[in-house]
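Just so you know, these numbers come straight off a predicted model, no measurement behind them.
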Amino acid sequence: MRWLFALLLAFATVAGAQPVQSQAQALSDDAAQYAARFGVTLDEGLRRLKAQQESVAATDAIRSEFAGRLAGIAFEHSPDYRIVVLLTGSDPVADRNAAGVPIVFRTGAKATHADGLRALRKHLIDLHADLPNARGAGYDQRTGEVVLLVTRADAERLGVGAIRNRAEQVGGVPVRVVINELNESNLGVDGGGRIEGISSVTGRRNVCTTGFVVTDGAQTGIATAAHCPDELTYQDRDGSASTLTFAGQWGLGYQDVQVNLSDQAIEPLFYSNRGAGTLRRLVSWRNVASTRWGEFVCHYGESSGYSCATVELTDYAPPGALCGGPCSPTWVTVRGPSCVPGDSGGPVFSGGIAFGIAKGVNRTGSGQCLFYYYMSTDYLPPPWRLMVGSAPTRPR
């Protein structure tokens, strides 16, 4: 038989086995999610998502031009759709336009993005003497602040104002304190999918969601989360099974990724919505340095399905030892509520562009998802890299 290796959402083996969306169709699906989220027409949602993709070169150029002053770049979706650039200092900069989107410059930020990241790395992730409980920390490009997530117990014991003042004294940058129960965990391996393996920790059969097709130039495989089982088995819809050989995993500090090999002839396809049988072709990727606050990205998880939301913190360090020890401020958070345990390793994307691989979730005490976070595909371990293809000229 001819295998269709969708691998929960990651890839397919045979180019004509089932229809693959055109890039226009893929972006139109995401635009429907955008329109519902922000109360605009489908045509307006599509216009905005096209502009989001087409404005990357302009905002990358702005990052270079104002490297010494840049505090952040953010999308505003309401009342008007525009890009806001936050700068230090008071010298004004004339507004611009890129891909039909106004770019507005605001001045007066107290520190640059680079300053905030240095403070995160050197001081604010680890404040054991001041905040003995776990904490998360990240950078908000919209406001130019480091965001410190602290437990209610610490906030009540020490006071939010005192925590902020101490963090600003230590870090030398603006800090916003947010009370959060820090109920964080990996997105888990208890969803209901078809990539299965035996956990080396619990000895139980677990399920994960897979991300994108990868290659080292000689071999091909799929990428998923490193905290998933090592040896994976794909259960096809007709009941057939195929073993995906473990190639390696990288799960410390800034990575949570595992590669499993396939001896099948595969293409750079992934499921954006496995429930609907929707396959997309991966054509490119978004570097984390180019990612802006408020970008509208989508995610597929075997438990939560297909959903889309906005990027929030672009340099997030999860609390505790979720990264095999302390986490680096390299993770990107995406607003909830659509994230459920069992989604680990799933793809984060916009249209046919890869953003990352889902890792963890932050929830309320009642279990509601506040945000999830992903590893940028920048951090795939060399020589492994995304397999990409050109966009087809017509649907197939």
Side-chain angles (χ1 to χ4, degrees), residues 29-40 45 48-49 52-53 72-79 81-84 86 136-150 176-188 209 272-273 286 288 290-301 303-319 322 327 329-344 346-351 353-376:
D29 277 0
D30 295 351
Q33 294 266 330
Y34 184 99
R37 175 70 62 117
F38 292 104
V40 298
R48 293 182 181 190
L49 292 190
Q52 177 178 285
Q53 293 184 355
I73 301 176
F75 277 96
E76 287 186 353
H77 301 273
S78 179
Y81 187 67
R82 61 182 181 175
I83 297 170
V84 178
L86 182 62
Y139 187 79
D140 187 337
Q141 290 198 53
R142 178 178 56 94
T143 64
E145 297 170 308
V146 165
V147 178
L148 197 62
L149 305 184
V150 303
R176 182 170 82 249
V177 176
V178 175
I179 297 174
N180 185 291
E181 292 312 305
L182 295 172
N183 181 16
E184 293 202 16
S185 63
N186 290 321
L187 275 164
T209 307
S272 61
N273 187 348
R286 179 69 49 80
V288 68
S290 299
T291 304
R292 302 151 293 188
W293 188 97
E295 292 224 44
F296 194 74
V297 298
C298 300
H299 166 248
Y300 179 81
S303 293
S304 65
Y306 164 62
S307 63
C308 307
T310 51
V311 166
E312 292 188 321
L313 305 180
T314 54
D315 308 89
Y316 180 62
L322 286 176
C327 294
T330 54
W331 308 87
V332 180
T333 72
V334 180
R335 192 171 186 174
S338 296
C339 41
V340 180
D343 290 349
S344 276
V348 181
F349 54 89
S350 175
I353 297 173
F355 277 68
I357 297 170
K359 171 181 172 58
V361 58
N362 180 289
R363 293 175 286 178
T364 65
S366 63
Q368 179 187 1
C369 170
L370 296 175
F371 60 83
Y372 72 87
Y373 42 97
Y374 67 84
M375 182 198 83
S376 168

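- For A31, the side-chain contact (heavy atoms from CB on, under 4.5 Å) partners two or more places apart in sequence, or in a different chain, are L42, L46, L49.
- Contact record, A137 with L148: CB-CD1, 4.0 Å, taken as the closest heavy-atom pair.
- The two residues Q52 and S350 come nearest to each other via the heavy atoms NE2-OG, 3.8 Å.
- The side-chain contact (heavy atoms from CB on, under 4.5 Å) test applied to T310 returns F38, H77, F296, R335, not counting sequence neighbours.
- Take D140 and apply the salt bridge (charged side-chain N to carboxylate O under 4.0 Å, His left out) test, not counting sequence neighbours, and it matches R142, R176.
- Every residue two or more places apart in sequence or in another chain that forms a side-chain contact (heavy atoms from CB on, under 4.5 Å) with T333 is listed here: E312, L313, Y316, F371, Y373.
- Applying the side-chain contact (heavy atoms from CB on, under 4.5 Å) criterion to V84, with sequence neighbours excluded, gives E76, R82, R106.
- Expressed to the nearest 0.5 Å, how far OH of Y372 lies from OG of S307 amounts to 6.5 Å.
- With contacts defined as side-chain heavy-atom distances shorter than 4.5 Å, the pair D29/N273 does not qualify.
- For Y374, there are no side chain to side chain donor-acceptor pair (under 3.5 Å) partners at least two apart in sequence or on another chain.
- For the side chain to side chain donor-acceptor pair (under 3.5 Å) test, no residue two or more places apart in sequence or in another chain qualifies with E181.
- Residues forming a side chain to side chain donor-acceptor pair (under 3.5 Å) with Q141 (at least two apart in sequence, or on another chain): T314.
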Between F349 and C298, does a side chain to side chain contact (heavy atoms under 4.5 Å, CB included) hold up when you go through it step by step?
-> CA-CA 5 Å; F349 54 89; C298 300; 3.6 Å; yes
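- For D30, the salt bridge (charged side-chain N to carboxylate O under 4.0 Å, His left out) criterion is met by R280, not counting sequence neighbours.
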Passes side chain to side chain contact (heavy atoms under 4.5 Å, CB included), V334 versus H299? Steps please.
-> CA-CA 10 Å; V334 180; H299 166 248; over 6 Å; no
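- P318 and C327 make their closest contact through CD-CB, 3.4 Å (heavy atoms, listed as atom of the first residue, atom of the second, distance).
- A donor-acceptor pair is defined here as one N or O able to donate and one able to accept, closer than 3.5 Å; no such pair exists between the side chain of K359 and the backbone of W331.
- Listed by chain and residue number, nothing satisfies the side chain to side chain donor-acceptor pair (under 3.5 Å) test with Y81 (two or more places apart in sequence, or in another chain).
- Residue N180 holds its CG atom at 4.0 Å from CG of N362, rounded to the nearest 0.5 Å.
- Residues meeting the salt bridge (charged side-chain N to carboxylate O under 4.0 Å, His left out) test with E295, sequence neighbours left out: R286, R292.
- The shortest distance between side-chain heavy atoms of V288 and T330 does not fall below 4.5 Å.
- Residues passing the salt bridge (charged side-chain N to carboxylate O under 4.0 Å, His left out) test with R37, sequence neighbours excluded: none.
- Of all non-hydrogen atoms in G336 and A309, the two that sit nearest each other are O-CB, 4.5 Å.
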